[in-house]
Amino acid sequence: MTTTTSDVNDVLVSCESVWKIFGENSAEAMKAVVERGLTKKQILQDYSCVVGVSGVNLEVRRGEIFCIMGLSGSGKSTLIRLLNKLITPSSGKVRVKGRELSSLSAAELRAVRARQIGMVFQSVALLPHRTVLENTAFGLEVQGVPKAERFKIAEAALVKVGLGDWIKRYPDELSGGMQQRVGLARALAADPEIILMDEPFSALDPLIRRQLQDEFRQLTKELGKSAVFITHDLDEAIRLGDRIAIMKDGMIIQVGTAEDIVLNPADDYVAEFVAGISRLHLVKAKSVMTPVALYKVAHPNVDVSRLPITSPDADLDQVIGLAVVNDRDAIAVAEEGVVCGVITLRDLLRGVQGTANEYAPAAGQPLTEVSS
Amino acid sequence: MSIENFPDAFDSTVDTGLEWLSDNGSGLFDAINDVLKGAYESLLWLFNLTPYYVVAVLIALLGWRLAGLRFAIIALIGMLFCAFIGLWPETMGTLALVVVATLLALLVAIPLGVLAGLLPRLDRIIEPALDLVQTMPPYIYLLPAIALLGYGTGTALLATFVVALPPAFCLTSLGIRMTPNEFIELGNASGVTGWQMFLKIRLPFAMPSIMAGINQSLMMAFGMVVIAGIVGSGGLGETIYSAIRTLDIAKSINGAIAIVILTMVLDRLAQGAATAQEGKRL
Amino acid sequence: MSAPELQFSPGKYLAPLVDWFNTNLHGVSKTISVVVEFSLRAIESALLALPPLAVIAIVAIGAALLIRVRVAVLAAAMLGYCLISGLWIASMQTIALVSVAVLISVSIAFPLGILASRVKRVDAALRPVLDVMQTVPPWVYLIPAVMIFSLGRVPAIIATVVYGIPPMLRLTTLALKQVPKEMVELGNAMGATKRSILFKIEIPLATPTLLVGLNQCILLSLAMVVLAGLVGAGGLGAEVTRGLTRMEMGLGLRAGLAIVAVALLLDRVSRGLLDRNSRPVAGR
């Protein structure tokens with residue numbers, strides 16, 4: 001699966017030490033946290049306040065789908081609502097395109113919500129007394145776009161999600177999956193740069209869910225949008241996310257690509273989570289290969305240039321396929337014609353188990369550099 | 001003042017108080033009386049201007065629009081029946097009273113209800129008061145009305161106005177408050193202004209409740225108008241009252257029939273309006 | 001100009017019917033009158049036999065023990081007002097009327113409501129009838145009652161009973177329908193008889209809604225009883241009528257306030273019993 005490289009330097013949404021505490025004494029509890037650094041349990045005991053989000057730092061870059069994964073009670077629903085200030089943080093800064101949300105006036109905040117951040121809800125929330133077209137055009141209506149124009153834009157959005165024939169219908173005539181497509185169309189119609197997705201597919205049955213996940217990913221990439229997608233389903237996060245954050249008890253435990261998380265789980269909690277995930281499509285050639293220099297030392301008789309070649313970003317499944325077809329037990333990894341590493345059978349098997357090659361370059365390092 | 005004297009002391013205080021009111025506030029009360037009577041009489045004049053069959057047909061047409069053909073036919077027959085049993089003027093009188101009183105009540109109750117729905121603190125003050133009004137037997141509201149405005153239609157209208165306020169207010173307030181949370185969130189996430197949130201989200205969801213409130217207010221008003229026959233309000237109420245007092249069985253039966261017919265017509269019309277409203281959202 | 005020349009009066013045709021009814025079924029109406037009058041007199045004498053302060057004390061203590069002190073204080077205050085405004089007897093008469101009417105209403109409405117909750121056809125048949133009954137203004141009930149029983153307390157009771165049945169019936173049906181099916185299934189699974197399921201499971205679970213029905217029935221009955229003062233039912237209604245017709249504002253206002261007092265008393269006490277039966281709510 002090809003991914004558009006996201007611009008590392010263009011951060012659209014960021015959180016800096018963001019906390020959210022719920023309860024009547026939340027202000028005092030927040031102060032106590034700042035001064036004394038209490039745990040979630042202590043805050044519950046001493047102040048009868050619940051910590052929703054606990055010191056979160058994250059960045060969402062342009063063009064990336066950022067998945068936040070966590071079980072219920074992990075704080076992910078709270079976190080996503082902090083990003084468009086539906087919930088106000090107890091402390092910390094939330095920035096959208098560089099501007100801090102708490103510094104915005106009410107009118108500016110409304111403009112940000114209307115034009116820069118869209119939201120898709122788990123319950124879809126389609127207004128039952130409006131047609132599909134009117135619902136889709138709602139965001140534009142709020143901005144004051146004239147009727148003819150906003151209906152045109154809305155219709156185009158609906159066609160994009162495949163509902164062009166349903167524009168005159170009412171929400172209760174649509175199935176769950178179709179309703180959620182309308183929700184997506186509504187968010188897209190306003191053409192925001194960032195879309196917040198609050199477990200949008202959780203209420204749908206598995207087959208429809210798969211379909212919508214693929215459509216969503218394709219559409220988002222095609223339109224160049226960024227998305228923050230929260231889910232409790234790890235499979236979904238892996239399918240969709242360029243980067244994944246794992247959340248527990250209000251804290252972010254690990255952020256990384258699916259491959260990072262699977263190969264290098266930050267703690268036992270994450271490790272257990274990913275235990276059941278198949279590595280075949282996640283682990284890339286570059287993570288399991290032995291650097292070419294080392295291989296040559298260990299196998300002086302093998303002509304590296306005669307080995308079947310694969311790219312560094314090929315996944316294990318593809319490498320295995322290549323090995324089986326060519327009936328070889330070593331595959332070369334080349335970038336722009338230059339061989340930078342070799343994958344042996346042992347490397348492959350270890351990769352399937354989820355262990356990276358100890359000599360493979362770490363993420364971010366140039367591939368031709370030998371790590372020793 | 002000992003306990004035994006309380007009744008007399010009370011009575012004389014009341015009488016003095018009323019004297020004071022009529023001396024000082026007579027202008028105000030007369031004005032109120034005139035406004036109420038004026039509204040009623042203009043409407044009645046309008047009703048009486050048109051021949052009875054035209055009014056009956058108009059009501060039937062309205063019924064068709066709101067509640068279907070079968071009801072329209074029944075309504076037509078019913079209204080004509082009222083005419084043929086010789087109670088048409090009284091029926092029109094009662095109708096005029098109900099319409100004027102309910103409209104006035106709605107004019108106050110609905111905006112107030114909207115405000116209360118948006119401002120919980122306001123609601124907490126007004127709702128218990130109106131709840132109390134609703135708990136009391138409607139009959140007693142004739143007392144302050146008659147004390148201030150004397151006999152006649154003004155009194156009937158004032159008392160009916162009071163009785164019709166609570167249902168419309170409470171249900172409007174409830175409807176505005178009970179907008180499902182996910183849609184409030186949707187509105188906020190879409191960046192709506194306060195006005196937009198109210199007009200585009202809260203109000204549409206509140207409509208069923210508001211319509212139910214209008215229906216209830218209408219029926220409460222109708223009940224009260226009939227009771228108010230005792231204060232010389234004219235209409236079917238007075239017919240029934242005099243019939244009972246003189247034990248005129250024939251007249252009381254006729255009056256009862258007319259009242260029941262009018263009840264059914266009004267109720268179905270109001271319910272029809274509510275469903276028609278509902279139907280707009282499919 | 002707006003009324004037709006051709007007129008007829010169904011009343012004139014039906015009036016002889018009523019007369020016939022009165023003459024031939026006199027026995028029936030007489031029996032009903034006797035029973036009603038008897039029960040009324042019984043309750044009235046009970047209420048009036050004791051000195052007023054004793055009645056107030058009993059009610060207050062009962063309320064304090066069964067409900068809450070606040071309700072007891074309210075009850076005492078309300079009854080106290082009735083006493084000092086010189087309308088004790090009238091208040092007791094009204095309370096007696098309401099009590100008898102509600103008792104009869106409930107004994108008819110309750111079984112019917114249970115039946116309707118179990119048999120769909122009964123429910124479907126009753127629903128439009130109840131709709132009509134609850135929409136029609138209360139006055140209309142007095143008319144046939146007066147036609148048969150003439151003026152007095154009996155037509156008041158009859159009309160009030162009929163007026164009070166729909167809310168009680170409706171809410172009984174609703175209350176029983178709302179009992180979670182699993183509870184009834186549990187009873188069946190344990191081999192309980194239908195009767196004990198009704199009394200031990202369904203009714204206790206349905207009690208909160210039942211009490212709402214009772215509350216509504218009481219208040220509507222009071223409204224009707226007061227109205228019936230116009231037809232010679234006595235009590236506070238008659239006092240209000242007198243005040244209205246003779247323009248004796250003082251009396252009218254005193255009686256009106258007494259009605260308010262009785263209404264508040266009956267409402268808060270019945271609601272208090274309701275709260276007592278529902279599960280305690282946190283942060284009351």
Side-chain angles (χ1 to χ4, degrees), chain A residues 77 80-88 96 104 106-132 134-144 168-174 182-183 186-187 189-190 192 194-198 203, chain B residues 65-67 110 113-114 117-121 124 171-215 270-282:
Chain A
S77 301
I80 204 173
R81 282 168 175 77
L82 287 165
L83 298 182
N84 63 357
K85 217 182 166 204
L86 281 181
I87 297 181
T88 311
V96 172
L104 298 176
E108 289 169 329
L109 181 61
R110 280 203 298 271
V112 167
R113 286 175 177 168
R115 297 202 201 109
Q116 290 175 348
I117 311 188
M119 192 160 185
V120 178
F121 300 89
Q122 186 176 20
S123 65
V124 194
L126 292 182
L127 296 165
H129 42 275
R130 288 163 175 248
T131 61
V132 163
E134 290 163 346
N135 262 295
T136 311
F138 184 68
L140 299 165
E141 186 184 329
V142 164
Q143 290 180 44
K168 293 262 188 248
R169 307 296 191 110
Y170 282 88
D172 62 0
E173 298 179 74
L174 272 59
V182 176
R186 177 174 61 192
I194 309 150
I195 308 183
L196 304 177
M197 313 273 289
D198 180 2
Chain B
R65 179 102 208 300
L66 294 176
I110 293 187
V114 164
L118 297 172
L119 304 166
R121 238 181 283 168
R124 250 177 282 154
L171 283 166
T172 304
S173 168
L174 187 72
I176 300 278
R177 263 181 293 131
M178 290 282 121
T179 317
N181 248 325
E182 56 209 40
F183 293 100
I184 303 285
E185 244 189 7
L186 169 69
N188 279 324
S190 308
V192 293
T193 61
W195 260 124
Q196 286 174 329
M197 176 72 93
F198 173 68
L199 280 174
K200 297 188 197 285
I201 298 185
R202 284 195 193 272
L203 198 56
F205 277 104
M207 279 319 256
S209 199
I210 296 181
M211 294 308 289
I214 294 180
N215 187 336
Q271 279 188 16
T275 5
Q277 224 289 330
E278 197 66 43
K280 271 203 241 159
R281 319 140 112 234
L282 216 120

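In what follows, every heavy atom counts, from backbone to side chain, and hydrogens, waters and symmetry copies are set aside.
- For chain B, no part of A/Leu109 is nearby; none of its heavy atoms comes within less than 4.5 Å.
- Contact count against chain B (heavy-atom pairs under 4.5 Å) is highest for A/Val142 among A/Val142, A/Val124, A/Ile117.
- The greatest number of non-hydrogen atom pairs below 4.5 Å with chain B, out of A/Leu196, A/Leu127, A/Asn84, is found for A/Leu127.
- For A/Arg115, no part lies near chain B; criterion is any non-hydrogen pair under 4.5 Å.
- In this structure, CG in A/Leu86 is found 5.5 Å from CE in A/Met119, a value given to the nearest 0.5 Å.
- Heavy atoms closer than 4.5 Å to chain B are found nowhere in A/Gln122, neither backbone nor side chain.
- Residue A/Leu126 touches chain B through its backbone alone, counting heavy-atom pairs closer than 4.5 Å.
- Aromatic ring orientation, A/His129 versus B/Phe205: perpendicular (interplanar angle above 60°, classes split at 30° and 60°).
- Nearest heavy-atom pair, B/Arg202 versus B/Ile176, reported as atom, atom and distance to 0.1 Å: NH1-O, 3.2 Å.
- Each of A/Ala106, A/Ala125, A/Ala114, A/Gly118 has some count of heavy-atom pairs under 4.5 Å with chain B, and the biggest count is that of A/Ala125.
- Without hydrogens or angle criteria, B/Thr172 side chain to B/Ile210 main chain gives no donor-acceptor distance under 3.5 Å.
- Remark: A/Arg110 CZ to A/Leu104 CG distance equals 12.0 Å, nearest 0.5 Å.
- Only the side chain of B/Gln196 comes within less than 4.5 Å of a heavy atom of chain A; its backbone N, CA, C and O stay farther away.
- Summarising the geometry of A/Asp198 relative to A/Arg81, their closest heavy-atom pair is OD2-NH2, 2.8 Å, with the distance given to 0.1 Å.
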